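So that the names make sense, note that chain A is the first sequence line, chain B the second, and so on, each numbered from 1. Everything numeric in this text was worked out from a predicted model, so none of it was measured.
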There are 2 protein chains.
Amino acid sequence: MTSARDALRETILTGDYLPGERLVEATLIERFGASRFTIRLALQDLAAEGLVEIQRNRGAVVRKISLAETIEITQVRMVLEGLVAAHAAERVTAAEAAELDEIGLLMRRAVETGEHRRYSDLNQRLHALIRAIAGHGTADRLIDTLKAQQARHQIMLALVPGRPQQSLPQHEAIIAAIRARDPKAAEEAMRDHIASVIEVLKSLDESG
Amino acid sequence: MTSARDALRETILTGDYLPGERLVEATLIERFGASRFTIRLALQDLAAEGLVEIQRNRGAVVRKISLAETIEITQVRMVLEGLVAAHAAERVTAAEAAELDEIGLLMRRAVETGEHRRYSDLNQRLHALIRAIAGHGTADRLIDTLKAQQARHQIMLALVPGRPQQSLPQHEAIIAAIRARDPKAAEEAMRDHIASVIEVLKSLDESG
DNA sequence: CTGAAACTAATTGTTGACAATCGTGCGAAC
DNA sequence: GTTCGCACGATTGTCAACAATTAGTTTCAG
């Protein structure tokens, strides 16, 4: 059963196990009903993804990701998503452009009506669509890995007040650049957007 | 013994096993003198790094990396190393600046005397130094992984005629920008440099 | 009362055997 | 002669038991 791997992964990502918490194999066996071998393989896998840390003879713990590291990860995401946005601008089709436009419209509406949760969902949808348009497998895989590592910190970001008003024009700029098939502008717009995310993270560093 | 993992890794990287070749566990046990469990773990690890591909009930094969994928990987390296160069420009110390200068000087000399092998070594040393100066752990790890994946294709690039003459000024521009503590210029210079590498790769695509 | 050493319980590392699965080669039918 | 099906060999997937290591605890000497 490889599904034990995904189950464990999901459990860590949703925050059932806290960072720094020990992942004792016997406990996991009981919780997921998998054999020790399977659990062990799953932990090994998650370690390769950077979600847990395995120390020899000491077992696995949920990896603690500091705010400083979150900033590093976001910086890497900034340049990767910038690359992806540029590729999307080169490859976007008319149908995809229409889809981008629609998401942009819905985002504006969500901000106006104050539906923060919906805006967050649309945000994810937009980024996912851009990645799909770009079709850059290598960047895609890395972004997924990095996103998983910051899963916990990302939830916090969605709750920052005034954030949607700040990011909406950035999103619209990204959409406009991709629709105009301007790779350079698309990359720049995406980088500006994520750079502002980094600024928010840094301000959290100072305040907390 | 975790060393079996490194041994297998090294063996694949040096090209003893060719892309597409099957990695039968029994054979590896005999070759590396490790237990099956250890070999299995090693393969799992290498799969996570993208060096081998594991299919259920079919075992592991050395991952075949197409030229198109190599280009993708290099594009990602371009933006990552660009980020790293920018960070290096922000953090470089006087001593490090001197070291950069020295490498630049040696590179120029190596090009003038036609010592291609030496130039290639200095090239690696320069990139490694810039990464060390930047101290960006997240980007560092990813670059290492990507480099390992292209190990085979990279050897080819060093042999392209006229390449040192082309890349020397690019390297000098990178060094100058970092010494001037200009992050934006450093990133741009690094990206220009690797972009030209991508052009070489694309020309290989057309010719071969 | 404090410190170190030895013991013990908990946990992980490793091994070998067994089960499941896949690809291949043979044979028979059309 | 070709194709389909079957069985066998090779290979990987999984398991349970055993060995090694670690960390915590107790005991004893100073």
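C:dG13 atom C1' lies 13 Å from atom CG of A:Leu43, rounded to whole Å. Distance, B:Gln55 CD to D:dT11 P: 16 Å, rounded to whole Å. In this entry the distance linking CD of A:Glu25 with P of D:dT21 reads 17 Å, nearest Å. Separating the CG atom of A:Asp45 from the P atom of D:dG13 is a distance of 13 Å, rounded to the nearest angstrom. A straight line from CD1 of B:Ile39 to P of D:dG13 spans 14 Å, rounded to a whole angstrom. Atom CD1 in A:Ile54 sits about 12 Å away from atom C1' in C:dG13, given to the nearest Å. For the pair B:Ile29 CD1 and D:dG13 C1', the interatomic distance rounds to 14 Å; values are reported in whole Å. The CG-C1' distance, from A:Asn57 to D:dA23, rounds to 12 Å in whole Å.
Here the side chain of A:Thr38 is nearest to one of D:dC15, C:dT11, D:dT12, namely D:dC15. Considering only the side chain of B:Arg40, D:dG13 comes nearest among C:dT15, C:dT12, D:dG13. Side-chain proximity of A:Arg58 to C:dT15, D:dT22, C:dT11: nearest is D:dT22. Counting only heavy atoms from C-beta on, B:Arg36 has its side chain closest to D:dG13 among C:dT14, C:dT11, D:dG13.
Screening B:Gln170, B:Gln166, B:Glu81 for a side chain to side chain donor-acceptor pair (under 3.5 Å) with B:His193, the sole residue that qualifies is B:Gln170. The one candidate from B:Leu83, B:Val79, B:Ile174 that meets the side-chain contact (heavy atoms from CB on, under 4.5 Å) condition with B:Arg191 is B:Val79. The only member of A:Asp45, A:Leu43, A:Leu51, A:Leu13 that meets side-chain contact (heavy atoms from CB on, under 4.5 Å) when paired with A:Leu8 is A:Leu43.
Mapping A:Phe37 and A:Gly59 onto DNA chain C by nearest heavy atom places A:Gly59 closer to the 5' end of the strand.
Using a 4.0 Å cut-off between charged nitrogen and carboxylate oxygen, A:Asp121 and A:Arg117 count as a salt-bridge pair.
Side-chain N/O atoms of A:Ser35 include none lying less than 4.0 angstrom from OP1 or OP2 on D:dT14. Between A:Arg56 and C:dT14 there is a side-chain polar atom (N or O) within less than 4.0 angstrom of OP1 or OP2.
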Acceptor/donor pairs from residues 85-93 of chain A side chains to any protein atom, 3.5 angstrom cut, sequence neighbours excluded:
{"residue": "A:His87", "atom": "NE2", "partner": "B:Gln75", "partner atom": "OE1", "Å": "3.4"}
{"residue": "A:Thr93", "atom": "OG1", "partner": "A:Glu96", "partner atom": "N", "Å": "3.2"}
{"residue": "A:Thr93", "atom": "OG1", "partner": "A:Glu96", "partner atom": "OE1", "Å": "3.3"}

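Within 4.0 Å of A:Leu23, counting heavy atoms only, lie sugar-phosphate atoms of the nucleic acid but no base atom.
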